[in-house]
Amino acid sequence: MSLAPKPPTPTMPTPPAGTAIPPRPPQMGGPAGGPMGGPMGGQQPGGAPTMPTPRPQAPDRRTLVVGRGISLQGTVADAERLVVEGTVESQMIQATELSISQSGVFKGEVQVEDAEIAGTFDGTLTARGQLVIRGTGRVIGTARCRRLMVEDGGQISGKMEMLGDAQVAPGPAPRAYAEG
């Protein structure tokens, strides 16, 4: 048995009360490479370091997120995906995808491929593909879509138009089409 004193354990200074501590980055180079034993770097059996395995990345999508408590008025251009958690007021937005969270409010007009509404949409919405209204979602005004899904509790107040396969998505003014 050794009677030598143990070296002191390093301690971190305690942050002031109410201060958030950022998360620690994961440690690399564990026994099998990565923190979960995968090929994420570290050393090969011969002691030579290995490079992390690159992950295939999804194509970049131009996404605009209007966060909770944020209000935006104006025109949005070149956004492929619009996520509304706050409030957006716009005359015309064209995007690929619209997502309104439970806390989100959109007032105005939008033309998209697909839309998912969990908050409130007030205006004219044209979804050339699918419109999904979640159980907490409300659509007030005019909604046009090719496919519609409304969860239990979802609300539509106003005019609903179903787009046909051959019908071109109408512009700002509703267009009637002849039967025959």
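Keep in mind that this is a model prediction, so the values were computed, not measured.
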Report task. Check the surroundings of atom CZ in Arg68: do more than 12 heavy atoms from other residues, nucleotides or ligands lie under 6.0 Å from it? Result ->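 Check fails, neighbour count at 12 or below.
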With sequence neighbours left out, which residue pairs that include part of [range] fulfil the ring pair (Phe, Tyr, Trp, His ring centres under 6.0 Å) condition?
range	value
residues 128-147	none
residues 96-144	Phe106-Phe121
residues 62-86	none

Query - side-chain hydrogen bond (donor to acceptor under 3.5 Å, both in side chains) partners for Ser157, two or more places apart - result: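 Per chain and number, Ser157 pairs via side-chain hydrogen bond (donor to acceptor under 3.5 Å, both in side chains) with no residue.
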**Report entry** Qualifying residues under side-chain hydrogen bond (donor to acceptor under 3.5 Å, both in side chains), relative to Arg147, sequence neighbours excluded
**Finding:**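 With neighbours one apart ignored, the set is empty.
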Query - Closest non-hydrogen atom pair, Arg128 against Leu163 - result: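 Nearest heavy atoms, Arg128 then Leu163: CA-CD1, 4.2 Å.
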Query - Heavy-atom closest contact (Ala143 atom, Leu131 atom, distance) - result: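 Result for this residue pair: CB-CD2, 4.1 Å.
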Just list the side-chain donor-acceptor pairs under 3.5 Å for residues 77-95, sequence neighbours left out, or say none.
{"from": "Arg81", "atom 1": "NE", "to": "Glu97", "atom 2": "OE2", "distance (Å)": "3.1"}
{"from": "Ser90", "atom 1": "OG", "to": "Gly74", "atom 2": "O", "distance (Å)": "2.7"}
{"from": "Ser90", "atom 1": "OG", "to": "Met92", "atom 2": "N", "distance (Å)": "3.4"}

Query raised in the report: Cluster partners of Val132, using ILVMFWY side-chain heavy atoms under 4.5 angstrom, listed by chain and number?
Result: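 When side chains under 4.5 Å apart are linked, the cluster holding Val132 also contains Met149.
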Query raised in the report: Looking at residues at least two apart in the chain, or sitting in another chain, which of them share a side-chain contact (heavy atoms from CB on, under 4.5 Å) with Ile70?
Result: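 Listed in chain order: Val66.
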Query raised in the report: Taking the side chain as C-beta and beyond, is there a heavy-atom pair between Ile100 and Thr120 under 4.5 Å?
Result: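 Of all side-chain heavy-atom pairs linking Thr120 with Ile100, none is under 4.5 Å.
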Query raised in the report: Under 4.5 Å between any side-chain heavy atoms of Leu148 and Ile133, yes or no?
Result: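 Side chain of Leu148 against side chain of Ile133, heavy atoms only: contact under 4.5 Å found.
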**Report entry** Qualifying salt bridge (charged side-chain N to carboxylate O under 4.0 Å, His left out) pairs, either residue in residues 114-126, two or more places apart
**Finding:**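 Non-adjacent pairs meeting salt bridge (charged side-chain N to carboxylate O under 4.0 Å, His left out): Glu116-Arg134.
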Query raised in the report: Cluster question for you: counting only ILVMFWY and a side-chain heavy-atom cut-off of under 4.5 Å, with indirect links fine, are Val76 and Val105 together?
Result: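 No; tracing contacts between hydrophobic side chains, which count when under 4.5 Å, never links both residues.
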**Report entry** Shared hydrophobic cluster for Leu64 and Leu125 (ILVMFWY, side-chain gaps under 4.5 Å)
**Finding:**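 Per the 4.5 Å side-chain linkage, Leu64 and Leu125 are co-clustered.
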Query - CZ on Arg146 to CE on Met162, rounded to 0.5 Å - result: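 These two atoms lie 9.5 Å from each other.
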Query - Spacing of Ile156 atom CD1 and Ile140 atom CD1 [to the nearest 0.5 Å] - result: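 These two atoms lie 11.5 Å from each other.
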Query raised in the report: Side chain of Thr142, backbone of Thr124: donor and acceptor closer than 3.5 Å?
Result: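 No; zero donor-acceptor contacts below 3.5 Å.
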